[in-house]
2 protein chains.
Amino acid sequence: MAATIHDVAREAGVSASTVSRVLNGSAPVNEEKRRRVLRAVEKLNYRPNALARSLKKKRTHSIGLIVPDITNPFFAEVAKGVEDVAREYGYTVILCNSENDPARERTYLNVLQEKQVDGVIFVTAGANEGDRVGRLERGIPVVMLDREIPGIPADAVLVDNEEGAYEAAKHLLALGHRRIGIITGPLLLSTAEERLEGYKKAMREAGVPVKPRLVKDGGFTFQGGYAAMHQLLEGGNDLPSAVLASSDIMALGAMKAAEERGLRIPQDLALVGFDDIMVASLVKPALTTIAQPKRQMGQLAVEMIVERLERGRRRAKRVLLRPKLVVRESCGSGRRSDGA
Amino acid sequence: MAATIHDVAREAGVSASTVSRVLNGSAPVNEEKRRRVLRAVEKLNYRPNALARSLKKKRTHSIGLIVPDITNPFFAEVAKGVEDVAREYGYTVILCNSENDPARERTYLNVLQEKQVDGVIFVTAGANEGDRVGRLERGIPVVMLDREIPGIPADAVLVDNEEGAYEAAKHLLALGHRRIGIITGPLLLSTAEERLEGYKKAMREAGVPVKPRLVKDGGFTFQGGYAAMHQLLEGGNDLPSAVLASSDIMALGAMKAAEERGLRIPQDLALVGFDDIMVASLVKPALTTIAQPKRQMGQLAVEMIVERLERGRRRAKRVLLRPKLVVRESCGSGRRSDGA
DNA sequence: CTGTTAGCGCATTCAC
DNA sequence: GTGAATGCGCTAACAG
């Protein structure tokens, strides 16, 4: 059986409170007793029970992280940022994979609450968890990350998706493209919606009409991007000369589809992604994309929770980060081949 | 303030014990009171406090997962497997990124113990944590994953690395290569050591001497693989015609280096990886590699912990999974590439 | 400075 | 069936 604070107290010939005091430095303790306590701790290999402490102090020093899929490099990067500063502040992170399943998301929200986490970082799968989050939020700090739920006053760390997609589309337009397709994410996600908006805005400004036929939902997955690209490439005429994929993963799927159709990138088709995950620079041609500060997003989210917890901030805060166009090879130099 | 079991008891006009009984089904309760309790729970939006329960029951239903780097696709896949079955069994997972830092690893081992996790899944960075793990292991089930620490009786989920590397090398030999280089991981990791062994064994059997000059440590990182390949390619003569990289990440780095040297893969240089992460099938040429059952490894690890916890297993168990050669394009075998 | 007392919120005897 | 009492291991008053 693991030693308790009382065992240590007995071994050192002092009271449990004294042991607690030396271990937490919460009050001055006679030097002699202090040494005895430390020795006893050593001898018994004593480790305080964090459960008991948390129960008493009403602080668990743990935060929950809910993501749709940890194997998605975007979320893995975010998670790393989260874990990293959480550790610095003495917090532990509970990893929750929602698998894009609203039910699972809901379950986790409850579990985290029961486990008394000090805060939650929530990348929602888009289900309408507004009520639940709102209710939870009254007791526990919640930071929405990457995706917003409209109408709740929780903190949020977001990227200016409209701006990002706008830049991406403008890049394509500047290269002379006019028939530009877009593979969107699920439009119930603010993120996907905003990227579509940015695309439309750029098209509008350039005086190019947006054709519904060139807008396909790729569900933010590799498979979805693959299927969407095939759809875009169906029907002999009216084909896009460029495609904006709303995530790198989808861009990769799209690339595979284009390849299967015998299209060369960038000669026959220009392609832009979104996220800048590591693979983007590794594939051939290297993917031009909109980079997001993934690591930083995770870091900021933790800091926002700590601010509320340790510095008592009350007002909701919303951080909007700027994405950045990274030009690589998948859009070519700008001369679009008309004939090929 | 969150409602407690006493609030519910008062609201329902019963004792706290009764509330506990209906919530846990631990004893029969009068139907009428039962309804009243349930109603009260609803009304007060009561959530049991898992800390208090855990303190009492000495079970937290949480397990710790220590990995070197969650952004490494290999570990992300493992983590997904872990999370997935942990959730099924009602466990929560605490994510710990050691960043390959022994100090951090040590800290996490302690933190997990203090948080009273019911088990630990440990992918060690290779520091000699034997003592610590051994001591911990006496109180908490520990499963070593992917990497072993010799001499401790903990459970382990491993892959037959020697066999995998042996197959990889034989593949290269069968294609007629004789000057085969290897990029290893840090040799203090059992994993890296065993892969090197497999390579040597294949070479020996083929009667090809192993030249130290063709053995380079790539540290299991992209950068390391890149640097190692540059070293292998230095010095005009005595160059390898094929290279076995002990991880896909390193293979990718190696690919970049080869490219910089103007070498075409597979025409000028054959390359095999290890792991079969998603990117492997996406790069060009698609990477021939040794696939590991990543997801399954995570799943098994959790099951081994649950076995000890809920079915009282005592004897240490060691599972050795078989890796599998996946032939794609990077060795120019002429066979069709396969998507896996 | 230090020991004693009193909970944190729950599950579990133990009587009734 | 059910309530009262007890304690999980710890920290925080409260007296000295």
Asks: Using 4.0 Å as the upper bound for N to carboxylate O, is an ion pair formed by B:E307 and B:K317?
Replies: yes
Asks: Is the shortest side-chain N to carboxylate O distance from A:E99 to B:K80 below 4.0 Å?
Replies: yes
Asks: Assess whether a salt bridge exists between A:D155 and A:R313, defined as any Lys/Arg side-chain N lying under 4.0 Å from an Asp/Glu carboxylate O.
Replies: yes
Asks: If you compare all heavy atoms of B:A301 against all heavy atoms of B:I121, which two are closest, and at what distance to 0.1 Å?
Replies: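 Closest approach of B:A301 to B:I121: CB-CD1, 3.7 Å.
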Asks: Please encode protein proximity along nucleotides 6-16 of chain C as a string of B, S and -, counting only heavy-atom distances under 4.0 Å.
Replies: -BBBBBBB---
Asks: Is the CD atom of B:E31 crowded by more than 12 outside heavy atoms at less than 6.0 Å?
Replies: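 Yes, the 6.0 Å shell around CD holds more than 12 heavy atoms from other groups.
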Asks: Going from CG on B:L321 to CG on B:D146, what distance comes out if it is rounded to the nearest 0.5 angstrom?
Replies: 11.0 Å
Asks: Give a yes or no on whether a salt bridge exists between A:R318 and A:E148, defined as a side-chain N under 4.0 angstrom from a carboxylate O.
Replies: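 Salt bridge present between A:R318 and A:E148.
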Asks: Counting only heavy atoms from other residues, nucleotides and ligands, does the tally under 6.0 Å from CG of A:N110 exceed 12?
Replies: yes
Asks: Just checking B:D131: does its CG atom have more than 12 heavy atoms from other residues, nucleotides or ligands closer to it than 6.0 angstrom?
Replies: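 Open: at most 12 neighbouring heavy atoms sit under 6.0 Å from CG of B:D131.
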Asks: Verify the contact: side-chain N or O of A:T18 to OP1 or OP2 of C:dG3, cut-off strictly under 4.0 Å; return yes or no.
Replies: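 A:T18 to C:dG3 OP1/OP2: side-chain N or O found under 4.0 Å.
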Asks: What is the first contacted nucleotide of DNA chain D and what is the last, in 5' to 3' order, if contact means an atom lying under 4.0 angstrom from a heavy atom of chain B?
Replies: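 From 5' to 3', the first and last contacting nucleotides are D:dG1 to D:dG9.
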Asks: Is any NZ, NE, NH1 or NH2 atom of the basic residue among A:D101 and A:R106 found under 4.0 Å from an Asp or Glu carboxylate oxygen of the other?
Replies: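 No, A:D101 and A:R106 are not salt-bridged.
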Asks: Between the two ends of the helix from C:dC1-D:dG16 to C:dC16-D:dG1, what is the bend in degrees, rounded to 10 degrees, where each end axis spans five pairs?
Replies: 50°
